[in-house]
**Q** 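Once you've had a glance at the structure underneath, I'll fire off some questions.
Per chain, numbering begins at 1; letters A, B, ... match sequence-line order.
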Amino acid sequence: MEAQLTNLLRRPATAAVRSCGTCTSLVLPNRTSQQVRQKSTVNRHKRALGVPPHPSFLTSPSKPSSGHIIYNPPSSEPNVLHTPFKFLPKSDPRRKANLPALFASVAPPAEKTPLPPMLPFLPGPNKPKIHHLTPDDVSEIRRLRAEDPVTNSVGNLAKKFGCSHLFIQMCTHAPKEHQEAHKARLAAIRARWGPIRAKAREDRARRKQMLLRGEI
Amino acid sequence: MKRIRVPSQLLAARPRATPACPHRAQQLCLSQRRSQSTSSEAAFEEVEETDLDAAPIDPAELSPRYPPLDPLSKQSARYPSPLPSRSLSSAKLAALHARLYLSERVPLQTLGRALVDSTADHNPQFNNTNLAFLGHTLINYHVSEYLMVRYPRLPMTIMYSAIAAYAGPAALHQVARSWGIEAAAVPGGEVDPGLLQFNASEAPVVPTTFGSRRSEADYLEKYKWRRGINSRVIFDNDFGEVVNTKARESNNGTLQPYGTPETRETAETAYANAVRAIIGSVYAHCGREAVKSFIQAHILSRTLDLSSLFAFRTPTIELAKLCAREEFEKPVARLLSETGRKSRTPVFVVGIYSGKDKLGEGAGPSLDAARTKAAMNSLKAWYLYSPGEDVRVPSDMLVEDAPAWEPAHIDIGEVV
């Protein structure tokens, strides 16, 4: 009990929150909750702000690291006005000159480094795109979707036929009533959003448009 | 040399004829009295005196104005724009002439006429309409030739925006402001000829060299109809904007309050037309080479970031179509580097590769955003291909002993 009391005195707010389940009639000590900065604490805070530099930025005279250059600030995006070699037209003098071949004798190209990894969610050599559906399958998808759009939802059909949601949506439209009911359901969900979530969704759409305009 | 409008001679031949519009008839009489002269000053003065004596003078106009702006104000206030002879004594006009480093061959009278917009003076012999038309054609020719040769792969929509960014009314308005051209509050014969004169209550007169009015023009605004790029090439003007010949409702000279969008548009067009007219007068008095270097110095030297004009809808699909068209390998997104994947602010750097060649790269806060940005950068790198900074334009061949022309690169067209 004594230990609990000292704890209360030291950290009143935390202790109050923690112990309010057990003791209901708690009287908080009459202290101002605002922290006051004194002369004695200034040095401590200043020292805490003085973050040492990252070790990669440090160069010691005893161990000169001539093997690499530190870019600080780091390199920026390549300029779009620099046309890749592949995009140069056949008539361009830069392509005709074939600069890499000219410099090959002076500075031979580095050893073949493997290409960077592909993005995980995209089809690649490990996960190739398969085109296994036939026109008959597509007409079957359409029939099923028209029959019962609730049971044969886009997700269910994609699972059944082993294709993407997008492909199902490209193949078929739901009946008009189903679309309207779906829209109404979505509108009801949207109406339940509070201001924070609504603003977040709106901002997300706006960010997407800004990205496509190259503004971010 | 004195030139009199043909319609006024016709009016003189039929003295009994009743003019359909009294306002118009008064203008025509005025044009009989004024003369557009740059050479024979003595003859001009003489004509001025005799004509003014002969013409019936309204006593209200002869009453003293306060403050007396000019010794000539009693006479010149009767005209819609300053007399050409007064240009010689305008300090503002001489300063503008010197500031633009114009040749001695461009007379001050022409420079003064270039500052009279057609909304201020309806008489085409005394306003800048014809000079502005000439300058508009010259500026657009040089700008579009430069963009065609320098950036041969620009899509048509970007081309339109780029031409408008160099030669459009907003850009030329800025040019005029940077030249120090100031506007008179109200146009009139008594104001300083060195001030730009336009009537803000009238509809702007835009020189249109190309395009025609669409039959569905009235519905475009109303129903927000889409204009395809093919129809824009055929029907629309040099900047890909709808040619709308329907005049704005003019409220008969009553001044509108300043700062409405309409008055702002009129002012912007008047400033732009003044720049065009000055360039047209440089061409008329000094020739082709002088106007080319003038446009180079004042219009084409302005900086425009072409890469900021692009907006894409589905950049990854467009890039895949481009690679298929050009028979490159399929574009593949690869993760070049990343930091802070599990943090609040991660950064992914994604590169787009076609085979072993990198086409572009982009950084973003998510893998998908970075991939989109990389695809956009690749497409921009394709569209913004340039044969070089010192590439020659067709008008370079007009000088004597020009070296033989090497054909410029013409692209097969944008990715559809």
Side-chain angles (χ1 to χ4, degrees), chain A residues 54 56 71 73-100 109-129 131 166 170 200 203-216, chain B residues 151-153 306-316 322-323 326 328-329 332-337 348-365 367-374 376-388 406-411:
Chain A
H54 193 268
S56 67
Y71 295 98
S75 60
S76 53
E77 264 186 2
N79 192 348
V80 290
L81 293 175
H82 174 258
T83 315
F85 190 74
K86 205 159 199 170
F87 281 172
L88 292 175
K90 300 237 163 29
S91 62
D92 195 87
R94 280 165 282 184
R95 182 180 273 279
K96 279 185 190 159
N98 201 1
L99 294 178
E111 299 98 51
K112 298 264 169 133
T113 48
L115 288 172
M118 293 168 60
L119 295 194
F121 56 85
L122 295 178
N126 305 331
K127 199 174 65 176
K129 249 186 181 177
H131 303 280
L166 183 67
M170 279 158 61
D203 285 351
R204 188 187 294 173
R206 201 177 292 149
R207 271 203 303 275
K208 179 77 180 167
Q209 288 310 312
M210 283 175 77
L211 176 72
L212 290 175
R213 285 198 300 268
E215 288 169 2
I216 49 171
Chain B
Y151 299 101
R153 282 179 185 160
L306 280 173
S307 65
S308 65
L309 299 180
F310 285 86
F312 295 95
R313 201 167 289 163
T314 48
T316 45
L322 170 73
C323 287
E326 297 292 321
F328 299 149
E329 291 97 330
V332 172
R334 295 178 182 276
L335 183 59
L336 299 181
S337 64
F348 298 97
V349 181
V350 168
I352 302 270
Y353 283 74
S354 167
K356 288 179 182 171
D357 302 308
K358 190 163 80 173
L359 303 181
E361 72 175 63
L367 284 171
D368 210 34
R371 181 172 72 113
T372 311
K373 213 167 167 191
M376 281 166 52
N377 285 343
S378 312
L379 282 171
K380 283 181 187 176
W382 170 266
Y383 285 130
L384 290 175
Y385 158 73
S386 170
E406 290 166 16
H409 174 73
I410 303 291
D411 195 64

**Q** So which part of A/Leu119 gets closer than 4.5 Å to some heavy atom of chain B, the side chain, the backbone, both or neither?
**A**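 Both backbone and side chain.
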**Q** Would B/Val350 and B/Glu361 satisfy side chain to side chain contact (heavy atoms under 4.5 Å, CB included), going step by step from the backbone distance to the final call?
**A** CA-CA 6 Å; B/Val350 168; B/Glu361 72 175 63; over 6 Å; no
**Q** Would you call A/Asp203 and A/Arg206 a salt bridge, using N to O less than 4.0 angstrom?
**A**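 Yes, this pair counts.
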**Q** Let's test your reading of the structure: which of A/Leu88, A/Asn79, A/Leu122 forms the most heavy-atom pairs below 4.5 Å with chain B?
**A**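 Among the listed options, the one with the most contacts to chain B is A/Leu122.
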**Q** Non-hydrogen atoms of chain A under 4.5 Å away: do they reach the side chain of B/Ser337, the backbone, both or neither?
**A**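 Answer is neither: B/Ser337 stays 4.5 Å or more from chain A.
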**Q** Are A/Lys86 and B/Glu329 ion-paired here, with the side-chain N under 4.0 Å from a carboxylate O?
**A**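 B/Glu329 and A/Lys86: salt-bridged.
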**Q** Which residues pass the ring pair (Phe, Tyr, Trp, His ring centres under 6.0 Å) test with B/Phe348, sequence neighbours left out?
**A**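 Applying ring pair (Phe, Tyr, Trp, His ring centres under 6.0 Å) to B/Phe348 gives none.
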**Q** Using non-hydrogen atoms and a 4.5 Å limit, figure out which bit of B/Tyr385 sits close to chain A: side chain, backbone, both or neither.
**A**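 For B/Tyr385, heavy atoms of backbone and side chain both lie under 4.5 Å from chain A.
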**Q** Relative to the ring of B/Tyr383, is the ring of B/Phe310 parallel (under 30°), tilted (30 to 60°) or perpendicular (over 60°)?
**A**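 Answer is parallel, since the angle falls under 30°.
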**Q** Side chain, backbone, both or neither: which part of B/Leu379 has an atom under 4.5 Å from a heavy atom of chain A?
**A**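 For B/Leu379, no heavy atom lies under 4.5 Å from chain A.
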**Q** So, B/Lys373 and A/Glu77, do they make that salt bridge, N to O below 4.0 Å?
**A**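 Yes, B/Lys373 and A/Glu77 are salt-bridged.
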**Q** Could you tell me which portion of B/Asp357 (side chain, backbone, both or neither) has an atom closer than 4.5 angstrom to a non-hydrogen atom of chain A?
**A**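 Interface part for B/Asp357: side chain.
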**Q** Sort B/Val349 into side chain, backbone, both or neither according to what part of it lies under 4.5 angstrom from a heavy atom of chain A.
**A**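 For B/Val349, no heavy atom lies under 4.5 Å from chain A.
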**Q** Identify the residues of residues 209-216 of chain A whose heavy atoms come closer than 4.5 Å to a heavy atom of chain B, ordered by number, or report 'none'.
**A**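 Checking residues 209-216 of chain A against chain B gives A/Leu211, A/Leu212, A/Arg213, A/Gly214, A/Ile216.
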**Q** Is there a donor-acceptor pair under 3.5 Å between the side chain of B/Asn377 and the backbone N or O of B/Gly360?
**A**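 It does not hold such a pair.
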**Q** Main chain of B/Ser307, side chain of B/Lys380: is a donor-acceptor contact present, judged purely on distance under 3.5 Å?
**A**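 Confirmed, B/Lys380 side chain pairs with B/Ser307 backbone.
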**Q** Under a 4.5 Å cutoff for heavy-atom pairs, which residue among B/Leu384, B/Leu359, B/Leu336 has the most contacts with chain A?
**A**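 The candidate making the most pairs under 4.5 Å is B/Leu359.
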**Q** Considering residues at least two apart in sequence or located in another chain, which fulfil the salt bridge (charged side-chain N to carboxylate O under 4.0 Å, His left out) criterion with B/Arg153?
**A**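 So B/Arg153 forms a salt bridge (charged side-chain N to carboxylate O under 4.0 Å, His left out) with B/Asp411.
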**Q** Given that the side chain runs from C-beta out, which part of A/Pro123 has a heavy atom under 4.5 Å from chain B: side chain, backbone, both or neither?
**A**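 Interface part for A/Pro123: neither.
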**Q** If you draw the axis of the six-membered ring of A/Phe85, does the NZ or CZ of A/Arg94 fall within 45° of it and under 6.0 Å from the ring centre?
**A**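 Here A/Arg94 fails the 6.0 Å and 45° test against A/Phe85.
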**Q** Under the salt bridge (charged side-chain N to carboxylate O under 4.0 Å, His left out) test, which residues partner B/Arg313, sequence neighbours left out?
**A**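 Testing B/Arg313 for salt bridge (charged side-chain N to carboxylate O under 4.0 Å, His left out), a comparison that skips the adjacent residues, returns none.
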**Q** Counting heavy-atom pairs under 4.5 Å to chain B, which of A/Pro89, A/Ser91, A/Pro78 comes out on top?
**A**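 Ranked by contacts with chain B, first place is A/Pro89.
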